[in-house]
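Only heavy atoms go into these numbers, but all of them, side chains included; no hydrogens, no water, no symmetry mates.
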Amino acid sequence: MSQQTPVPRLRPAQLAGVAFSAWFGGLADWLKAVALPLALLYLVYYGIWHYLTSQSPEELRQSDEGGNFRQTALLIVNMIVLTLFAVAWHRRILLGETPRFLPLVSGQHVRYLLWLLILGVLLFLFSAALTAFVAGTMLSGGGGLQAGVVSVLGFASILYLLGRISPLFAGLAVDERIGLAAAWRLTRGQGMALFFGYLLILLPVFFLSAVLLSFVFSDIQAQQQLDPGSVITGDELMELLIGAYWLSQTVQTVIGFVLSTLAVGVASAAYRELR
């Protein structure tokens with residue numbers, strides 16, 4: 001009689017532990033993996049900053065359409081940067097490969113990026129529907145508590161769904177073309193472990209975000225040099241935000257790379273255990 005191979009049970013602490021240990025135990029490799037993505041990102045940041053500083057507040061207010069285009073382009077650049085980093089970091093964890101300063105772009109990067117774009121569109125639609133529902137609840141007289149509960153449930157649903165499909169991206173990075181349905185089957189019965197595994201890495205990232213963002217706000221407040229109760233105009237606020245551009249973008253980049261590093265670690269750990 002044939003015996004079925006027992007399905008491993010994932011443990012949230014173990015998933016988060018792999019993510020942190022891979023990062024702290026391989027900082028030199030991590031720096032190699034982020035070098036090119038970071039350079040590309042700051043090159044784009046420089047182009048945006050140069051444009052912003054060359055325009056007057058009035059011209060910037062009149063270029064809403066251009067602003068939307070810049071935001072969309074920046075989002076796509078961020079996905080390309082994430083792909084370059086994530087594939088290298090997945091392969092470092094799963095295959096022991098040493099990341100290269102100049103990665104060799106291949107079909108796996110293209111497939112990874114396409115799935116990121118698909119996931120991004122789905123998340124945008126879900127978030128838009130959730131925002132519309134919460135706004136409708138508030139406008140119809142629903143209490144803030146009800147809207148808050150719906151928002152928390154929506155966030156938890158997104159985190160759960162991302163956990164269930166996360167092995168898809170680890171598989172793509174190591175040239176295994178598993179689809180969405182296969183990733184869902186692979187994580188059957190492991191959804192809550194993955195949910196709490198991702199939650200364990202999100203909590204310190206939230207704390208880091210709060211600390212770093214406080215520096216941004218402190219810098220903006222120091223630049224204002226206004227008396228308490230003073231009213232700041234829209235043009236003055238825009239100038240202050242542009243003045244704090246590099247600090248705010250650096251904080252955003254640090255948070256993004258930390259979160260990506262840990263998320264890739266959890267996905268890689270889950271993939272390795274379940275395959």
Side-chain angles (χ1 to χ4, degrees), residues 30 32-55 59-60 62-91 99-132 155 158-159 161-162 165-166 168-175 177 179-180 183 198 202 205 209 212 216 241-242 244-264 267:
W30 182 79
K32 289 181 182 178
V34 301
L36 180 62
L38 196 61
L40 292 175
L41 203 52
Y42 268 86
L43 185 62
V44 174
Y45 286 163
Y46 176 78
I48 295 175
W49 174 80
H50 186 270
Y51 170 79
L52 293 175
T53 54
S54 67
Q55 303 292 304
E59 290 172 326
L60 290 175
Q62 295 175 354
S63 63
D64 287 341
E65 185 176 342
N68 293 332
F69 173 79
R70 287 193 301 275
Q71 291 301 318
T72 302
L74 184 58
L75 178 62
I76 293 174
V77 169
N78 272 280
M79 288 190 171
I80 294 173
V81 163
L82 174 59
T83 297
L84 291 173
F85 166 73
V87 169
W89 199 238
H90 275 302
R91 294 181 72 85
R100 300 163 53 99
F101 284 113
L102 296 175
L104 299 174
V105 179
S106 62
Q108 67 198 18
H109 292 87
V110 175
R111 290 187 291 272
Y112 201 103
L113 177 59
L114 288 176
W115 272 107
L116 271 184
L117 291 171
I118 292 171
L119 181 62
V121 170
L122 294 176
L123 284 177
F124 172 78
L125 293 175
F126 184 87
S127 300
L130 181 64
T131 301
F155 170 77
I158 291 175
L159 193 59
L161 294 172
L162 288 177
I165 66 172
S166 59
L168 162 70
F169 291 96
L172 289 171
V174 295
D175 293 323
R177 303 187 193 182
L180 198 60
Y198 277 105
L202 281 176
V205 172
S209 302
L212 293 179
V216 176
L241 291 175
I242 293 174
Y245 179 82
W246 286 110
L247 178 59
S248 62
Q249 294 304 104
T250 298
V251 167
Q252 177 182 311
T253 300
V254 169
I255 294 171
F257 271 111
V258 170
L259 182 57
S260 300
T261 299
L262 298 176
V264 165

Worksheet item: What are the two closest non-hydrogen atoms of Leu40 and Val81, and how far apart are they?
Response: CB-CG2, 4.4 Å
Worksheet item: Of the non-hydrogen atoms in Tyr112 and Ala86, which two are nearest, and what is the gap between them?
Response: OH-CB, 3.3 Å
Worksheet, complete the sentence: To the nearest 0.5 Å, atom CG of Leu161 lies from atom CG of Leu122 at 10.0 Å
Discussion item. Measuring from atom OG1 of Thr250 to atom OH of Tyr245, what distance do you get when rounded to the nearest 0.5 angstrom?
Written reply: 9.5 Å
Item to complete: May I ask you to test the Trp30-Thr261 pair for a side-chain heavy-atom distance under 4.5 Å?
Response: yes
Worksheet item: Any side-chain heavy atom of Ile165 within less than 4.5 Å of one from Leu119?
Response: yes
Discussion item. Using 0.5 Å steps for rounding, measure from the CH2 atom of Trp49 to the OH atom of Tyr42.
Written reply: 13.5 Å
Fill in: Rounded distance (nearest 0.5 Å) linking atom OG of Ser248 with atom CG of Leu212
12.0 Å
Fill in: Stepwise side-chain contact (heavy atoms from CB on, under 4.5 Å) check, Ser260 with Trp89
CA-CA 10 Å; Ser260 300; Trp89 199 238; over 6 Å; no
Discussion item. For a side-chain contact (heavy atoms from CB on, under 4.5 Å) check, start with the C-alpha distance between Ser127 and Ile158, then their side-chain angles and the critical distance, and finish with the verdict.
Written reply: CA-CA 9 Å; Ser127 300; Ile158 291 175; 4.2 Å; yes
Worksheet item: Counting distance only, does the side-chain N/O of His109 pair as donor-acceptor with the main-chain N or O of Ser106 below 3.5 Å?
Response: yes
Practice prompt. May I have the step-by-step check of side-chain contact (heavy atoms from CB on, under 4.5 Å) for Leu82 and Asn78, ending in yes or no?
Written response: CA-CA 6 Å; Leu82 174 59; Asn78 272 280; over 6 Å; no
Worksheet item: Of the non-hydrogen atoms in Ala267 and His90, which two are nearest, and what is the gap between them?
Response: CB-CE1, 4.0 Å
Discussion item. Quick check for you: to the nearest 0.5 Å, what is the distance between Leu168 atom CG and Arg111 atom CZ?
Written reply: 11.5 Å
Practice prompt. Decide whether Thr253 and Tyr45 meet the rule of one side-chain donor and one side-chain acceptor closer than 3.5 Å.
Written response: yes
Fill in: Phe124 atom CZ, neighbour heavy-atom count above 12 within 6.0 Å
no
Worksheet entry | Verdict with supporting geometry, Leu38 and Phe85, side-chain contact (heavy atoms from CB on, under 4.5 Å) | CA-CA 9 Å; Leu38 196 61; Phe85 166 73; over 6 Å; no
Worksheet, complete the sentence: CG (Leu259) and CG (Leu202) are apart, to the nearest 0.5 Å, by 6.0 Å
Worksheet, complete the sentence: In terms of heavy-atom contacts, Leu36 and Phe101 come closest through CB-O, 3.4 Å
Discussion item. With side-chain contact (heavy atoms from CB on, under 4.5 Å) as the test, pick out the partner of Ile80 among Leu113, Val105, Leu41, Val44.
Written reply: Leu113
